[in-house]
Novice: 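Next up is a structure, given as structure tokens.
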Amino acid sequence: MASATDTVSAGSTARDKVVTRFAPSPTGFLHIGGARTALFNWLYARHHGGTYLLRIEDTDRARSTDAAIDAIFDGLEWLGLGGDEPAVFQFARSDRHAEVAHKLLEAGHAYRCYLTQEELAARRELAQAERRPFRIDSEWRDATPDHWPADQSYVVRMKAPREGETTIVDKVQGSITVQNSELDDFIILRSDGTPTYMLAVVVDDHDMGVTHVIRGDDHINNAFRQLVIIRGMHAIEGGWPDPVYAHIPLIHGADGAKLSKRHGALGVDAYRDEMGLLPEAVFNYLLRLGWGHGDEEIISREQAVAWFDIGDVNKGASRFDLKKLLNLNGHYIREADDARLAALVAPRLATLAPGFAPDKGLDLLTRAMPVLKVRAADINELAAGSVFLFAQRPLAMAEKAASLLTDDARAILTKVAGVLEAENVWTTEVLEATVKQMAEELGIGLGKIAQPLRASLTGQTTSPGIFDVLALLGKDESLSRIRDQAA
Ligand code: GLU
């Protein structure tokens, strides 16, 4: 075994090439915390010119689903966090895990434990009655083969060190020391011969060449147990160095409570599909959740790769702030390419705007993006804002819009139609000049024309600038819509 007092530090374990991994359990969809863990692993590998791997920890057969696996891959791809190599599936490697368990067993780092469930329960109860913490103290730890009962099933337990202490110099949490007497003889092979999670993680990390284990801080306690296995194998065959650990804090809601749906924490697919967010916004938001570079709020992928260091991740829990995420999304929408945005909006128009036909409408949608995107925080808002473009005549009027269309207003629309009919240069600037001149000649404020004009063209009281709306709809459609409402 490794010496009783041992320290893991980055320096002592540094290997040539950084290899990180994201190892989700596919028992649920890819949630925001998992996505951030994936991001930090990806960034660390990219920053160091290393490799970023994926491992699907599907050993919990009852709770792992194909739907969850698909959703995890899908969400990671969307965020640009797919693995550098095909994912490793943990369950398929059970034989290899068992092989390692047997090596540990043969070398005396692990032992066959024949304690029965009943015996364990009785000991647990006794400990409780005597108000002392329960520790496995198996008489089988040092039993020799001649004492092994025939025909009785056993589990394989690690011989955890009992004296001294173990220190992990965690890249995020700092130095953490645990008394080895706190470590129990945990199980690595169940009585049916199947490997436990604790063993599988260690064997897979080793076989995948993982140098840096970056994961949620709910796994810190596991790290001390996993080190017992690692050091056992290192003593047996060498080449099992301690990994560098970085345990990142959990994400909490804005109220400080554990993050839940109530805080707007959804699966990554919901951010894309239901909330209409862009992946670069989610990427940027997750990046800033617990990590920062000065006061920079908007950070590109390239900058993130250049600046990221796991040591700069905050030790305290970070707070999820939906408003911030939406603000960032608005920023990235304004930056995004118009054709790309139009393609994202188009599927949403199927139900919102029955008049929208993708083959014809996509061009108009794309041309409308510059004026729509300055007003939208997400793809849903872009879609809602573009509905008027594809509305069918005569337009259905929203209540407020209808109330603007008084007799006076309808009379003004008749005049506007007449003036615009004569206009041959149909651009925002020219249309603006024409309508302004008309307002002057009539001696009325621009609003007196613009308000009914907007109602007639969009059926709404809010829309992009009215001259942009005219220009986008084109002369024929604009005049027809105006005349539909004119006196
Ligand atoms: N499968 C574990 C989880 O989803 C992660 C294990 C690890 O990163 O070591 O929490």
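On a predicted model such as this, the values are computed, not experimentally measured, just so you know. Start at 1 and go down the list; that is how both ligands and their atoms are numbered.
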Novice: Please confirm whether the ring centroid of Phe320 lies under 6.0 Å from the ring centroid of Tyr285.
Specialist: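 For Phe320 and Tyr285, the ring centres are under 6.0 Å apart.
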
Novice: Pick one of side chain, backbone, both or neither for how Phe22 approaches ligand 1, counting any non-hydrogen atom pair under 4.0 Å.
Specialist: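 Contact part for Phe22 vs ligand 1: neither.
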
Novice: Which residue and non-hydrogen atom of the protein lie closest to atom 1 (N) of ligand 1, and at what distance in Å?
Specialist: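 Answer, as residue, atom name and distance: Glu57 OE1, 2.5 Å.
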
Novice: Starting from atom 5 (C) of ligand 1, find the nearest protein heavy-atom neighbour and note its residue, name and distance.
Specialist: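 Looking only at protein heavy atoms, the one closest to atom 5 (C) of ligand 1 is Ala23 O, 3.3 Å.
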
Novice: If you draw the axis of the six-membered ring of Phe91, does the NZ or CZ of Arg61 fall within 45° of it and under 6.0 Å from the ring centre?
Specialist: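 Because its charged atom sits under 6.0 Å from the ring centre and within 45° of the axis, Arg61 does stack over Phe91.
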
Novice: Number the atoms of ligand 1 from 1 as they appear, then name those within less than 4.0 Å of a heavy atom of Ser25, with their elements.
Specialist: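 Result: 1 (N), 2 (C), 3 (C), 4 (O).
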
Novice: In the protein, which heavy atom is nearest to atom 6 (C) of ligand 1, and how far is it?
Specialist: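 For this ligand atom, the closest protein heavy atom is Tyr197 OH, 2.8 Å.
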
Novice: Who's the nearest protein heavy-atom neighbour of atom 10 (O) of ligand 1, and how far?
Specialist: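 Going by distance alone, atom 10 (O) of ligand 1 is nearest to His219 NE2, 2.9 Å.
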
Novice: Does a side chain donor of either Asp185 or Tyr111 reach within less than 3.5 Å of an acceptor in the other side chain?
Specialist: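 Note: Asp185 and Tyr111 side chains meet the donor-acceptor criterion.
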
Novice: Going from CG on Leu199 to CZ on Arg190, what distance comes out if it is rounded to the nearest 0.5 angstrom?
Specialist: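 Between Leu199 CG and Arg190 CZ, I get 10.0 Å after rounding to 0.5 Å.
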
Novice: Given Met198, His247, Arg21, Gln226, which has its nearest heavy atom closest to atom 7 (C) of ligand 1?
Specialist: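 Comparing heavy atoms across Met198, His247, Arg21, Gln226, the nearest one to atom 7 (C) of ligand 1 lies in Arg21.
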
Novice: What about Phe40 and Phe22, are their ring centers closer than 6.0 Å?
Specialist: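 Not under 6.0 Å, so no.
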
Novice: For His212 and Asn41, test the side chains for any donor-to-acceptor distance below 3.5 angstrom and give the result as yes or no.
Specialist: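 Result is no, nothing qualifies.
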
